[in-house]
Structure formats: structure tokens, C-alpha cells
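Here the structure is laid out as C-alpha cells; the discussion comes afterwards.
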Amino acid sequence: MAKIRIEGGHKLSGTIPISGAKNSVVALIPAAILCDEIVTISNVPEITDVDDLENILVHLNAKITRTVGKVEINAGDIINKEITETLSKKLRASYYFMGALLGKFNKVEMYFPGGCSIGARPINLHLKGFELLGATITEEGNHFTIEAEKLKGAHIYLDFPSVGATINIMLAAVKAKGKTVIDNAAAEPEIANIATFLNNMGAKIKGAGTSTITITGVKYLHSCFHEVIPDRIEAGTYLILASLIGDNLKIDNMIPHHLEALIAKLKEAGVEMEIGLDNITVSSPGNYKATDIKTLVYPGFATDLQQVMSVFLTQCKGRSSIEETIYENRFNSLYELEKMGAIVKVRNDNHKATIKGKTPLVGADVNATDLRGGAALLVAGLIASGVTNIDNISYILRGYDHIIEKLTNVGAKIEII
Ligand code: UD1
């Protein structure tokens with residue numbers, strides 16, 4: 001099994017370019033099948049989640065051509081057959097084929113999606129949305145058959161502003177008859193990116209990026225060209241890293257506005273940064289003070305940055321607290337950080353943890369517990385003294401494009417062994 005080996009403690013300087021957003025592209029690719037013509041998506045990151053979606057497209061007989069940073073999809077000859085359990089379970093975002101195939105064929109058969117084990121992650125809100133649009137759902141164990149004679153616009157209130165449910169309902173509603181309103185919709189930037197893509201194909205979606213989205217059904221979607229927005233979680237990961245060990249380290253081709261909560265918390269702790277239009281430079285790490293983090297839906301502090309931020313908190317003087325409100329099980333990486341010298345305490349209900357700093361981190365053999373937990377350990381390894389070996393690295397490669405090359409280019413001693 002491959003591992004990532006890091007020799008820590010080397011200052012990083014230069015520029016890290018940010019790739020296209022994972023959470024955007026993993027919805028754009030399934031969304032492309034709603035169209036029968038060629039669709040081109042650019043700024044596509046090279047991550048294994050995209051490979052897994054490609055395998056689903058091939059299974060469905062869609063044509064997909066990948067060149068560096070670009071995919072072309074032609075779903076004109078797609079066959080609506082069951083997506084196997086193996087393919088469904090490969091990643092969380094396979095669930096977007098539920099909305100896309102239902103929207104295209106009025107029927108989909110697939111299994112419960114995969115993804116990191118950071119909580120129960122039910123899909124009840126997705127299913128409730130499909131039902132309100134007129135679909136019937138048959139659930140047998142992990143297997144779902146969702147079908148409708150005809151999809152009809154509806155008023156859908158989400159009990160929680162779920163990212164996946166919001167996008168999935170948009171996909172199913174784009175060609176439904178009449179008007180659909182999603183209330184208490186998620187407002188993450190990726191949702192606006194998917195809506196822009198669908199609108200470029202001729203869909204009529206308004207309000208994406210706010211808590212009320214209106215979709216007026218159209219009969220036909222046409223060919224289009226679309227660019228994936230920069231990955232705010234990748235940018236945030238490197239911004240935190242720059243705050244810890246950067247020496248004039250520039251995070252480039254990003255949208256600072258998408259990271260306002262993180263930037264505010266880093267500044268509160270004492271990080272000084274220069275914010276440009278599409279980049280942020282951190283000059284040199286200072287003496288940081290403890291701060292409290294509470295994860296929330298966008299524009300609140302992103303749960304996907306919570307674990308990487310926990311590494312930053314180990315380097316802040318005093319007691320910091322983290323409150324995780326989105327997932328029930330997102331502190332496993334803290335136990336791995338403990339092996340490197342972090343002083344952490346996780347409350348019994350698994351929703352709150354405290355970190356006491358500042359503690360020097362020391363290289364150790366650790367396990368990536370999930371995608372962002374793996375990224376946290378990688379950041380920890382880069383700031384630690386000595387050598388860190390990270391196991392289970394497939395988690396990390398699912399979501400970080402060219403991570404070894406990007407870090408090597410700015411002076412990190414990191415390799416896959
Ligand atoms: C997406 C992102 C993930 C991010 C998360 C929250 C993708 C592929 N993944 O995941 O990186 O961490 O948003 O920003 O884009 N919930 C329900 N019922 C549902 C749906 C969700 O109870 O039907 C709960 C979940 O269990 C979780 C919370 O709502 O506790 C947030 O989930 P959601 O926003 O749907 O996240 P995902 O789409 O899974």
C-alpha cells in the first residue's frame with residue numbers, strides 16, 4: 001500500500017495554484033447527462049473522484065473524453081441501466097445520478113452512495129424532494145428505484161440546507177413541468193456554479209447561491225462550455241498551511257470571498273495576509289493566539305476545513321475549541337494528531353473538542369481517517385519535526401489535485417512511497 005512520506009519543518013515559499021472545485025465538478029459531470037449534445041467542462045481537477053464518475057458514465061454508455069484539465073461528455077446514446085453497487089459506493093457524489101437520470105428518463109436505479117465515514121449521511125431530503133416532484137421511491141436495503149410517470153414542479157422546503165439535496169433536486173426539476181421552488185436551500189458557491197452550467201445549457205434557474213431557488217422547467221438542454229470554479233477547500237487547506245510554515249507563500253487562482261469565515265478566524269488568531277483579487281499571500285508565521293471555531297453551512301465556517309484548522313489550533317497559545325455542527329463523527333483525525341504531540345480532548349457527544357497549544361508536533365506513523373482528515377495530517381507532517389508517514393492516502397488523492405507536485409514546487413519534502 002502506498003504511503004505519503006513527509007520530512008517536516010521546511011519553510012514553503014513560491015506559489016500554489018488552486019485547481020477546479022471537487023464539489024463542483026462532481027455534480028457538473030452527472031449534470032452533463034441531462035443534455036443530449038456535447039458538453040465541455042474546463043478547469044477539471046485530476047482527482048480520483050473524477051475517475052470514478054467517468055467509470056459510471058462509461059457504464060451508462062455515455063462518451064467521455066478527458067484531456068488535461070478538460071472533459072467532453074456526450075450523453076446522446078446513454079442507456080438508462082442500474083448503476084451497480086460497486087460503482088455507486090465508490091463516492092458520495094454518485095448520488096447526483098439520482099437527480100440527473102430521474103430528470104432525463106423519469107427513472108433511476110442505483111445504490112446508496114459511498115463517501116467518507118464522518119457521520120450517518122442519510123439522503124432522506126433528496127428523496128423527499130424527488131417525491132414532491134412526483135416520483136415514487138422503492139427502497140430495498142441499499143437499493144433504490146426512483147421513478148415517475150411525469151415530474152411536476154413543486155414547492156420544496158428542506159429541513160436542513162443540504163448541499164447534495166439542493167443540487168439533486170435542481171437536477172431533477174430542470175426538465176420537470178412547471179415551476180419548482182426550493183426553500184431553505186443550501187447557498188454554497190458550488191450550487192451557483194452548477195446552476196450557471198445548467199442555465200448555459202438553456203435551463204431557467206434563479207436564486208442559486210441564496211436560500212430560495214426557483215426552477216422553471218424546460219423541455220430541452222443544449223450544448224455548452226463551462227468552467228469549474230476554484231476549489232475553496234483546497235485553497236483554504238493551503239492558506240492554513242501558509243499561515244503555519246509559509247514564507248511569502250502565495251495561494252493563487254482562488255476566490256478570497258469564498259473563504260471569508262476562514263480568513264476572519266485566521267486574522268483573529270493573528271495571521272497577517274495580503275489579499276489580492278484572486279490570490280492570498282502569507283508572509284511569515286507569527287505568534288498566534290487560541291480561537292474558537294464553529295462549523296456552519298455557507299457562509300459560515302466550512303466543516304470541510306475544520307480538521308485542517310485543528311492543526312493550526314495546535315500552534316496557537318491557549319485553549320481553542322471546535323464545535324462541529326454538521327457531522328456527528330468528524331474528530332477521528334484528532335486522535336491521529338495526538339500521536340504527533342497535539343493535546344486534544346473530544347467531548348463524549350463527539351460534537352465538541354478542545355485543543356491546548358502551543359505544542360510542537362513530532363513526525364509519526366499515522367492513518368488518514370477520511371479525505372479532509374488526511375489533509376490535516378499532511379499539514380501536520382509538513383510542520384512537524386522529523387518524518388511522518390501517512391497511510392490510507394487514497395482518501396487524500398480523491399480530493400487534492402497534484403498535491404505532491406504542488407507542495408514539492410514550493411519546497412516541501414514530500415513523496416509517495
Ligand atoms: C457536501 C460536500 C461535503 C461537505 C458537505 C457540507 C459534496 C460531494 N460533498 O456533502 O464535502 O462536507 O456538503 O458542506 O459536495 N443530511 C440529512 N439528510 C439528507 C442530506 C443531508 O440529514 O438528505 C445531513 C447530513 O447527514 C449532514 C448534513 O445534513 O449532517 C449536511 O449534509 P449535506 O449538506 O447534504 O452534505 P453532502 O451533500 O453529503
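Quick note: numbers below take in every heavy atom, side chains included, and nothing from hydrogens, waters or symmetry partners. Order of listing sets the numbers, starting from 1, for every ligand and every atom in it. Quick note: residue numbers are just sequence positions, from 1.
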Check: Which bit of H126 gets closer than 4.0 Å to ligand 1, counting heavy atoms only: side chain, backbone, both or neither?
Finding: both
Check: Quick one: does E324's side chain have a donor or acceptor within less than 3.5 Å of a partner on I326's backbone?
Finding: yes
Margin query: Taking R330 first and then D304, would you say they form a salt bridge - that is, a charged N and a carboxylate O separated by under 4.0 Å?
Written below: yes
Next item on the list: Answer yes when R232 and E190 have at least one side-chain N-carboxylate O distance shorter than 4.0 Å, and no when they do not.
Entry: yes
Check: Does the side chain of E268 pick up a donor-acceptor pair with the side chain of T291 at under 3.5 Å?
Finding: yes
Next item on the list: Examine the side chains of N193 and S24 and answer whether a donor and an acceptor come within less than 3.5 Å of each other.
Entry: yes
Checklist line | Residue and atom name of the nearest protein heavy atom (relative to atom 38 (O) of ligand 1), distance in Å to one decimal | finding: Y95 OH, 2.6 Å
Note to self: Would I326 count as being in polar contact with ligand 1, using the rule that some N or O on each side must be under 3.5 angstrom apart?
What the structure shows: yes
Notebook entry, point to check: Got a protein heavy atom sitting under 4.0 Å from atom 3 (C) of ligand 1?
Noted result: yes
Note to self: Within the 3.5 Å criterion, strictly below it, is a donor on D231 or S19 matched to an acceptor on the partner's side chain?
What the structure shows: no
Item checked: Whether P122 lies under 4.0 Å from ligand 1, heavy atom -> yes
Notebook entry, point to check: What residue and atom, counting heavy atoms only, is the protein's closest point to atom 28 (C) of ligand 1, and at what distance?
Noted result: F160 CE2, 3.6 Å
Check: Judging by distance only, is a nitrogen or oxygen of N23 under 3.5 angstrom from one on ligand 1?
Finding: yes
Note to self: Once you measure the plane-to-plane angle for Y400 and Y238, does it fall in the parallel (<30°), tilted (30-60°) or perpendicular (>60°) bin?
What the structure shows: perpendicular
Check: Hey, looking at atom 11 (O) of ligand 1, which of V26, I233, D304, L158 has the closest heavy atom?
Finding: D304
Note to self: Suppose we measure from atom 39 (O) of ligand 1 to each protein heavy atom; which comes out shortest, and what is that distance?
What the structure shows: R92 NE, 3.0 Å
Notebook entry, point to check: For atom 23 (O) of ligand 1, which candidate among D159, L371, L125 provides the closest heavy atom?
Noted result: L125
Note to self: Among all the protein's non-hydrogen atoms, which is closest to atom 34 (O) of ligand 1, and how far away is it?
What the structure shows: V163 N, 2.8 Å
Next item on the list: Do me a favour and list the nearest non-hydrogen protein atom to atom 18 (N) of ligand 1 with residue, atom name and distance?
Entry: N124 OD1, 2.7 Å
Note to self: Please tell me whether T281 and E274 have a donor and an acceptor in their side chains that are separated by less than 3.5 angstrom.
What the structure shows: no
Next item on the list: If you have a sec, work out which protein heavy atom is nearest atom 35 (O) of ligand 1 and how many Å separate them, to one decimal?
Entry: S162 OG, 2.6 Å
Check: Considering only the protein, which heavy-atom contact is closest to atom 6 (C) of ligand 1, and what is its distance?
Finding: Y327 OH, 3.7 Å
Next item on the list: Could you verify whether a donor N or O on one side chain and an acceptor N or O on the other, from N389 and D365, lie under 3.5 Å apart?
Entry: yes
Check: Between D36 and K104, is there a side-chain N and carboxylate O pair less than 4.0 Å apart?
Finding: yes
Next item on the list: Any atoms of ligand 1 less than 4.0 Å from a non-hydrogen atom of G164? List them with their elements.
Entry: 35 (O), 38 (O)
Next item on the list: Using a 4.0 Å heavy-atom threshold (strictly under), name the region of R121 that reaches ligand 1: side chain, backbone, both or neither.
Entry: both
